[in-house]
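One structure is given here, and the rest of the page talks about it.
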Amino acid sequence: MSENTRQQMIQTIAGMNTVTGTVDYTSRAVKEVYGEHVFSERVQRERLPKTVFKTLQKTVKAGTELDPTIADAVAVAMKDWAIEHGATHFCHWFQPMTGTTAEKHDSFITPTNEGGALAEFSGKELVRGEPDASSFPSGGLRATFEARGYTAWDPSSPAFILDNPNGATLVIPTMFISWTGDALDKKTPLLRSMQALSTQAIRLLRIFGNTTAKRVYTTVGAEQEYFLIDKHFYFARPDLVNTGRTLFGAKPPKGQELEDQYFGAIADRVLAIMAEMEYELLRLGVPIKTRHNEVAPAQYEIAPLFETSNLATDHQMLVMEMLRKVANRYGMTCLLHEKPFAGINGSGKHNNWSMATDEGENLLNPGDTPHANAQFLVFCAAAVRAVHKYGGLLRMSVAGASNDHRLGANEAPPAIISVFLGEQLTDVFSQVEKGAAKSSKKGGDIKVGVNMLPKLPRDAGDRNRTSPFAFTGNKFEFRAVGSSQSVAGPNTVLNTIVAESLDYVCGKLEKALKTTKDLAKAIQQVLPGLVKEFKPVLFEGDNYTPEWHAEAERRGLPNLRNTVDAVALVTGKESVSLFTKYHVYSARELHSRQEILLERYIKDINIEAQTASQMAHTMILPACLKYQAKVAEAIQAASACGIEDATQAALLQEVVEAVSALRTAALALDDVAGKAPHGAMAHAKYQRDAVLPAMADLRKAADELELLVADEYWPLPKYREMLFIR
């Protein structure tokens, strides 16, 4: 890299042509675009024989076992529809334990003996595929030589078409399991957890006299935060390319302290990316609703409407993939790492979660008088009890080396899991604990003070952005999920712990009803005990303060500060008992997940350490030595002219000492990173306790030099450039 490469990048970006639009909503209304590439219920109704359609919908909506006799008819209709949309291939699309998606494409074309070809797609090919499973993470479930794995069609998530530059592919969402029947993916446990929760929720609804609901779904709306930077900067930063985050970078003069980015006007180039990305997602049936600038410079957010957890998970993976693809078309790179830049806010994925019946009733909707809504109070209490009882497992569900950089900072919830209910519900449950709830606080109106404006309705309570698990009107918002993570894992845990809590509550109510025969009295007997049980997890204040950390410790709430501490819970007695009881994970699958999480943590930090070392030795150090030589040369030239200046000599001394500190820190990192204790847990602890601190020391030395070395010599794009030049 030449000394002026950074300046050349800036000139290139500044000279870019004005962004032109590619999406035209005047030729077709947005409602016509929505879902056009989805083999949706509407398309199925139009193309499938009536009996086949009804049978398939029974499986999708009621969860009944798929009738294999309809597979061929569905496959033929799906193939014909896909080919009409330009598809040449189909693929089973699944979500292995890598945290991303995987696919293997097969052609529709089958040659004939006469030298021609047929377009074929059978029910057998639709229902089951067989990708090689040997190279996916299995955590010891499979030996490397045991390659057989199966993808199984998930009819509850409709197939869709993905365009490519030279055609299109029919994409079929699937599960991924081993030859032994173990789940090798994130979707299979999620579906199991949804089934477990539905069983217990229906049981509770029956107690309340609902005899018509057949299924309860968990619903999710996952907000996605992300960064966009120019590709020129991205490719000049090996740390961003290899790890997703900047391992070096001095604090810029301006960050987010002026608070002018949040909800600010969206730059044309960024807005063009957003619009085209939304267009592509709308075609795939992803119900995108919101877009805006986020708090940090170059940070943005996209948010969808609620969907069933399974479909929302699939769509969330599509959102991340589409962000990357579309940004690339406009010469930008999308960064999904939780903390790509130090010193400014990182990115999360707020997981808005609720429960709804197949009749459309939101079970976490309190209505206007929550104190009188006994069904809501019981379902809400069960959810809060679950978070209190299994807060450690919920924290574990968002564990990862990248999310460790975000959790606990003044930008994201702390690692302590607490629940915010808001003023109205806190008051209602306080009344319940004392006997019975008789009133609900009202929000009233806000007087704006401008005559022309009407009074604005005020919600019954404020929101708390520091809470990890907050009630926000008719749902809970789990704010600790990381921006790069799949929402499948957190929702699998959330569904399962709430299923257990619903089971517990049903048992209490059923026992009470045997003696009282009166549901209202039974609820009055059970609810106060639930409130007393979960009360320690309720917190309405600032979760960032040291005082809360001390208070949480007094309350007995776990504070799992890092991934290594959290992952230890996966195979604990309580975890194994919980997940095996509700058939979400087997004990084997839990041990495999722990191994996979630890292995990923170790590898992530190892890649970061090697990248940091190479950048320090081959990019930063040579640049600093060049500058050091230039300073020495200038001082020597002045001295030859009889000019001696103590401040210049001090500068040289400062540079020499800083370069020496950099070299020393780089060698120290090399030393600790080259050691690997035996055993996954021991190795992970070593990475946390030895390698990460050594990386921090190296960064400190490099960042001090960035502020000392002449700008023209510094080889890496700086924060002030990456975050503000777009």
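These numbers come from the heavy atoms of this one structure, side chains and all, not from hydrogens, waters or symmetry mates.
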Among side-chain atoms of [X] and [Y], is any donor-acceptor pair under 3.5 angstrom?
X	Y	answer
H92	T174	no
E301	T290	no
R192	Q195	no
T218	S309	yes
S402	E338	yes
N310	Y217	no
T212	N210	yes
E361	Q375	yes
E307	T219	no
T188	Y585	no
T51	K54	no
E103	H105	yes
E477	N351	no
Y330	E276	yes

So among V398, L394, V220, which one has a side-chain contact (heavy atoms from CB on, under 4.5 Å) with P490?
V398

Pick from F160, F39, F121: which one makes a side-chain contact (heavy atoms from CB on, under 4.5 Å) with I172?
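Answer after filtering F160, F39, F121: F121.
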
Is any side-chain heavy atom of Q95 closer than 4.5 Å to one of D314?
yes

Aromatic ring proximity F136/F94, centre distance under 6.0 Å:
yes

Would a line drawn from the ring center of F90 to the ring center of F108 be shorter than 6.0 Å?
yes

Whether F476 and W353 hold their rings parallel, tilted or perpendicular, with breakpoints at 30° and 60°
tilted

Are K475 and T472 close enough, and set up right, to give a side chain to side chain donor-acceptor pair (under 3.5 Å), and what steps lead you there?
CA-CA 6 Å; K475 57 184 170 42; T472 55; 2.5 Å; yes

